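Everything on this sheet refers to the single structure shown next.
It should be emphasised that the depicted structure is a prediction, and the values quoted were computed from it without experimental measurement.
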Amino acid sequence: MSKFDEIQGEIKTTPGLGKKMAKYSAVGAIIAIPVPVVGPIFGALAGAAVAYAKRKG
């Protein structure tokens with residue numbers, strides 16, 4: 001099982017984690033809009049990572 005599969009399984013089994021990650025992703029993407037092209041992508045990834053880390057720790 002890869003790390004990606006492990007995280008995906010944890011998201012599916014933890015109530016509310018996917019929704020929280022989506023919210024943080026949206027906020028990260030909005031904050032990173034001033035950076036052309038890749039800003040919202042990396043902002044969304046960072047937001048999802050923050051939500052996952054908060055739930056995990």
Side-chain angles (χ1 to χ4, degrees):
M1 181 180 257
S2 70
K3 184 69 173 173
F4 180 76
D5 292 333
E6 181 181 323
I7 291 172
Q8 192 173 23
E10 186 170 339
I11 292 169
K12 288 180 181 178
T13 59
T14 306
L17 180 57
K19 192 180 288 188
K20 182 168 243 164
M21 288 177 72
K23 288 177 186 177
Y24 275 78
S25 292
V27 170
I30 290 170
I31 290 171
I33 283 176
V35 181
V37 183
V38 297
I41 295 169
F42 287 120
L45 290 173
V50 167
Y52 182 77
K54 280 183 145 185
R55 178 68 74 145
K56 190 92 163 136

Could you tell me which non-hydrogen atom of Ala51 sits nearest to which non-hydrogen atom of Lys20, and how far apart they are? CB-O, 3.9 Å
Nearest atoms (heavy-atom pairs only) where Gly43 meets Ala32: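 Nearest pair, atom of Gly43 first, then Ala32: CA-CB, 4.0 Å.
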Listed by chain and number, what are the side chain to side chain contact (heavy atoms under 4.5 Å, CB included) partners of Ile41, not counting sequence neighbours?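 Only Leu45 meet the side chain to side chain contact (heavy atoms under 4.5 Å, CB included) criterion with Ile41.
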Sequence neighbours excluded - side chain to side chain donor-acceptor pair (under 3.5 Å) pairs with any residue from residues 24-49: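 Side chain to side chain donor-acceptor pair (under 3.5 Å) check on residues 24-49 returns Tyr24-Lys54.
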